[in-house]
Amino acid sequence: MNKKIIIIYTFVLLLVGIGAIAFINLSLTKQVPTNEISEKNDIANVDVMSSKKTDLSFEVSGKVVNISKQVGDAVEQGEIIAKLDDSVALTQYNQAQSGVTIAKTDLVALEKTLKREELKLKDLRDNEKKVQKAQVSLIKENIASQQARISQANDALSNAKIQLSKYVLKSPVAGIITRQSLNLGEIANPNVSIATLEFK
């Protein structure tokens with residue numbers, strides 16, 4: 001009888017021991033994937049926070065006349081990286097600027113003429129006023145036309161300014177220059193990468 005009790009007791013202990021071992025192994029097995037998931041999440045976070053890259057290029061073609069930043073240099077957003085020869089675009093911009101100035105000067109002259117001609121109406125007889133009024137009306141038409149010319153000249157100036165800005169390559173974001181493929185004196189082609197910027 002004692003042997004049976006001992007055997008049963010031993011069997012129960014054995015089952016309890018096996019169960020305990022199985023429980024411990026199960027717990028450890030569950031922890032491993034958790035750690036793996038945690039590590040994967042950490043890697044994902046690193047990827048999200050890691051540096052990004054963007055290729056830099058000019059919108060127009062031209063000869064490189066200045067390179068302000070080299071590989072390894074840090075740049076701020078809006079900082080100049082390189083410039084192309086903009087002599088032709090600059091000439092066009094200056095001409096457009098002169099066009100605005102001339103158009104405005106002509107308008108001022110027409111407005112002065114209008115005031116002078118309007119004053120004459122007071123001193124004229126009725127039969128003479130008709131001719132003078134026609135002259136005044138003509139000047140007013142010229143003023144309206146000149147105002148339209150000023151608007152066109154301003155548009156031309158804005159376009160010339162935009163075109164001129166395309167000869168300057170500025171950093172779109174703060175970062176570090178990690179690649180550069182163009183040197184002074186070489187020709188840059190439109191939308192062809194000349195450098196790579198790495199940023200957060």
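Everything numeric here is computed off the predicted structure, so don't read it as measured data.
- P190 and V60 get closest at one heavy-atom pair: CG-C, 3.8 Å.
- Taking the side chain as every heavy atom from C-beta outward, L90 and L164 approach each other to under 4.5 Å.
- Using a 4.5 Å heavy-atom cutoff, the side chains of S171 and I81 are in contact.
- Using a distance-only test at 3.5 Å, with no hydrogens or angles considered, a donor-acceptor pair links the side chain of Q132 to the main chain of E117.
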Could you please spell out the steps behind the salt bridge (charged side-chain N to carboxylate O under 4.0 Å, His left out) verdict for E118 and K115? CA-CA 5 Å; E118 285 178 333; K115 287 182 180 179; over 6 Å; no
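- The NZ atom of K161 sits 9.5 Å away from the CD atom of Q97 when rounded to the nearest 0.5 Å.
- Cluster annotation: Y93 and F58 are assigned to distinct hydrophobic clusters (Ile/Leu/Val/Met/Phe/Trp/Tyr, side-chain heavy-atom contacts under 4.5 Å, transitive).
- Transitive grouping of hydrophobic side chains (ILVMFWY, heavy atoms separated by less than 4.5 Å) keeps L119 and L138 in distinct clusters.
- Between the CG atom in N142 and the CD atom in Q147 there is a gap of 11.5 Å [rounded to 0.5 Å].
- The hydrophobic clustering, which links ILVMFWY residues whose side-chain heavy atoms are closer than 4.5 Å, places L110 and L114 together.
- When all heavy atoms are compared, the tightest approach of L84 to A188 is CD2-CB, 3.8 Å.
- Panel note: side chain D73, backbone Q70; a donor-acceptor pair is recorded below 3.5 Å.
- Of the candidates V192, I67, L169, I194, L182 forms a side-chain contact (heavy atoms from CB on, under 4.5 Å) with just one, namely I194.
- The closest side-chain heavy-atom distance from K83 to I80 is below 4.5 Å.
- One finds the CG atom of L121 at 14.0 Å from the NZ atom of K130 (value rounded to the nearest 0.5 Å).
- With Q92 contributing its side chain and A160 its backbone, the two residues share no donor-acceptor pair below 3.5 Å.
- Contact detail for L157 and A96: the closest heavy-atom pair is CA-CB, 3.7 Å.
- Contact of the P172 side chain with the L197 side chain is registered, since non-hydrogen atoms from C-beta on lie closer than 4.5 Å.
- Cluster annotation: I139 is not connected to V108 through the hydrophobic network of ILVMFWY side chains, with a link wherever side-chain heavy atoms come within less than 4.5 Å.
- Annotation: side chain of V64 is not in contact with side chain of N183 (no heavy-atom distance under 4.5 Å).
- How far OG of S193 is from CD of Q180: 10.5 Å, rounded to the nearest 0.5 Å.
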Does the side-chain contact (heavy atoms from CB on, under 4.5 Å) test come out yes or no for I177 and T196, once each step is laid out? CA-CA 6 Å; I177 302 296; T196 300; over 6 Å; no
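- Using a cutoff of 4.0 Å between basic side-chain nitrogens and carboxylate oxygens, K69 and E79 are scored as salt-bridged.
- Once rounded to the nearest 0.5 Å, the distance linking OG1 of T113 with NZ of K140 reads 14.0 Å.
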Does the pair D55 and S57 meet the rule for a side-chain hydrogen bond (donor to acceptor under 3.5 Å, both in side chains), with working shown? CA-CA 7 Å; D55 289 328; S57 62; over 6 Å; no
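- Side-chain atoms of L107 and R149, non-hydrogen and from C-beta on, never get closer than 4.5 Å to each other.
- A 6.0 Å sphere centred on NZ of K170 holds no more than 12 heavy atoms belonging to other residues, nucleotides or ligands.
- By the 4.5 Å heavy-atom criterion applied to side chains, K200 and K52 are not counted as neighbours.
- Note on V168: it does not cluster hydrophobically with L56, by side-chain heavy-atom contacts below 4.5 Å among ILVMFWY residues.
- Going from atom CZ of F199 over to atom NZ of K53 covers 11.0 Å, rounded to the nearest 0.5 Å.
- Under a 3.5 Å cut-off, the side chain of Q146 and the backbone N or O of A103 do form a donor-acceptor pair.
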Before giving the answer on side-chain contact (heavy atoms from CB on, under 4.5 Å), spell out for N191 and N189 the whole-Å C-alpha distance, their side-chain angles and the decisive distance to 0.1 Å. CA-CA 6 Å; N191 303 315; N189 292 313; over 6 Å; no
